[in-house]
Amino acid sequence: MAAVRVEAVLAAAEEQEAEKRRSITVEKELELEFDLGNLLALDRNPPAAAALRGAGPRREALLRALARDNTQLLVSRLWELPAERAGGAGGPLVARLPEPTFRLPREKPPPRPRPPTRWEQFARLKGIRRRKKTSLVWDEQAKEWRRRWGYRRAGGDPARAWLAEVPAGADPEEDQFARLRREKRERVARNELNRLRNLARAHRAGRAVPAAPLHPTGHQDRQELRRVARVARVSTASLGRFQPRLPKEPAEPPSRSGGKKRRFEPLLGNLAAERSRQLELLRDMGSKKPVLDITRAVNKQMRQEEAEAAAHKGKKQSQRGKRGRRQQRPGRSGKKSGARRQQQQKPAGGGTGGGRRKKA
């Protein structure tokens, strides 16, 4: 075993320490574009293509060094912003970020606007504006500040008061407490009816309404059991990725919507497949001969010919029926009218000759 010199070990340790404590100054041919509001840095400098080919330690080291340099430049820009102490002199040092300039794309489409309720439509028609009220009001009876609505509100529930005022023009024999309780039940029922109407109107407008609860029953078909299992699986934060699977359950975790998950080709990695796809696309665009599905075209032509033949045959039969009815109607009517004339002219006692002799 060869002896290891102390100087070599110390030199290697110094190199490792220098690698860890690299300088904060980074030189770039093209200056990076920064969006400090989003903590974003865009590097326009092209990387070394020879070092990025293939997968190996050289490529990983280059990518790690590139990420380190860009992060260093971003952090250096953040230190140039005005900073202040949060929570007093002993608090952490924070910097105020400017407004973001780069518009990041959304992961999902924006939500649909909520359809206006019946009251909102009425308020818009009448020009009623919403005014914000304070949650606490002064109660003259209790001599204290109480909530405007809810439990122990100011004024209390009129139906539970010990004294009820008889309104003008009312029957003095009527129970005012029963009337107040009846009006309260009617208001609650009216509010519930309006709530159900709003839900039905939102459902017709295409707005998502909470689904019906899953009640277990004694007889459940396969589709219902599958739906219950899918809902239980996607209820977790990981969409059931780390949950134990059933014997015949697919390996791919289901989505929340229940549809098929779209798959996209990787942006980096298989360059040969991407080159072949691009060349095939350019070849199809440059060729004058159109790409035609012969089987589909022949089937479509056969269906059109059959439809035209059936329509032509039906038209001929309809014309033949009309012509036959036109020719038969005069003959039938003439025969019937001639027979009726003979029966009317024929005397009751004998033939035509007897009639003439009597006449002579």
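All values below come from the heavy atoms of this structure, side chains included, with hydrogens, waters and symmetry mates left out. The structure presented is a predicted model; accordingly, all values stated were derived computationally and were not measured.
Salt bridge present: E140 and K143 bring a charged side-chain N and a carboxylate O closer than 4.0 Å. The pair R153-D139 does not meet the salt-bridge criterion, since no charged nitrogen lies less than 4.0 angstrom from a carboxylate oxygen. Taking a cutoff of 4.0 Å between a charged side-chain nitrogen and a carboxylate oxygen, R201 and E120 do not qualify as a salt bridge. Salt-bridge formation is not detected for the pair R77/E33: no Lys NZ or Arg NE/NH1/NH2 atom is positioned less than 4.0 Å from an Asp or Glu carboxylate oxygen.
A single hydrophobic cluster is seen to contain both L78 and L32, as judged by linkage of ILVMFWY side chains at heavy-atom distances under 4.5 Å, directly or through other members. In the hydrophobic clustering of this structure, F102 does not group with F34; members are Ile, Leu, Val, Met, Phe, Trp, Tyr whose side-chain heavy atoms approach within less than 4.5 Å, directly or through other members. Under the 4.5 Å side-chain heavy-atom criterion for grouping Ile, Leu, Val, Met, Phe, Trp and Tyr, V94 is not connected to L74 through any hydrophobic cluster. The same ILVMFWY cluster, assembled from side-chain heavy atoms under 4.5 Å apart, contains both L39 and L36.
The CD atom of E31 sits 12.5 Å away from the CG atom of L42 when rounded to the nearest 0.5 Å. Residue L282 holds its CG atom at 10.5 Å from CD of E280, rounded to the nearest 0.5 Å.
Between Q176 and A164, the shortest heavy-atom distance links the atoms CB-CB, 3.9 Å. F122 and I128 make their closest contact through CE2-CD1, 4.0 Å (heavy atoms, listed as atom of the first residue, atom of the second, distance). Annotation for L93 and W79: closest pair CD2-CZ3, 3.9 Å, computed over non-hydrogen atoms. Taking all atoms of both residues into account, the shortest heavy-atom contact from R106 to K108 is NE-O, 3.0 Å. Of all heavy-atom pairs spanning R118 and N194, the tightest one is NH1-OD1, 4.5 Å. Closest approach of T134 and R148 over heavy atoms only: O-NE, 2.9 Å.
Using a 4.5 Å heavy-atom cutoff, the side chains of P116 and R124 are in contact.
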**Study point:** Residues R195, E192; criterion salt bridge (charged side-chain N to carboxylate O under 4.0 Å, His left out); working and verdict
**Key:** CA-CA 5 Å; R195 186 183 70 84; E192 181 66 17; 2.6 Å; yes

Exercise for review: Go through the steps for L281 and M285 under the test side-chain contact (heavy atoms from CB on, under 4.5 Å), then give the verdict.
Suggested key: CA-CA 6 Å; L281 179 61; M285 293 174 60; 4.1 Å; yes

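Heavy-atom contacts from other residues, nucleotides or ligands closer than 6.0 Å to CD of E7 number more than 12. In E99, the CD atom is not crowded: 12 or fewer heavy atoms of neighbouring residues, nucleotides or ligands sit closer than 6.0 Å.
R147 places no side-chain N or O within 3.5 Å of a backbone atom of L136 that could act as its donor or acceptor partner. A distance-only check finds a donor-acceptor pair linking the side chain of D171 to the backbone of E173 [under 3.5 Å].
The closest side-chain donor-acceptor pair between N198 and T117, if any, does not fall under 3.5 angstrom.
Between Q304 and the options K300, M302, E306, a side-chain contact (heavy atoms from CB on, under 4.5 Å) holds for only K300.
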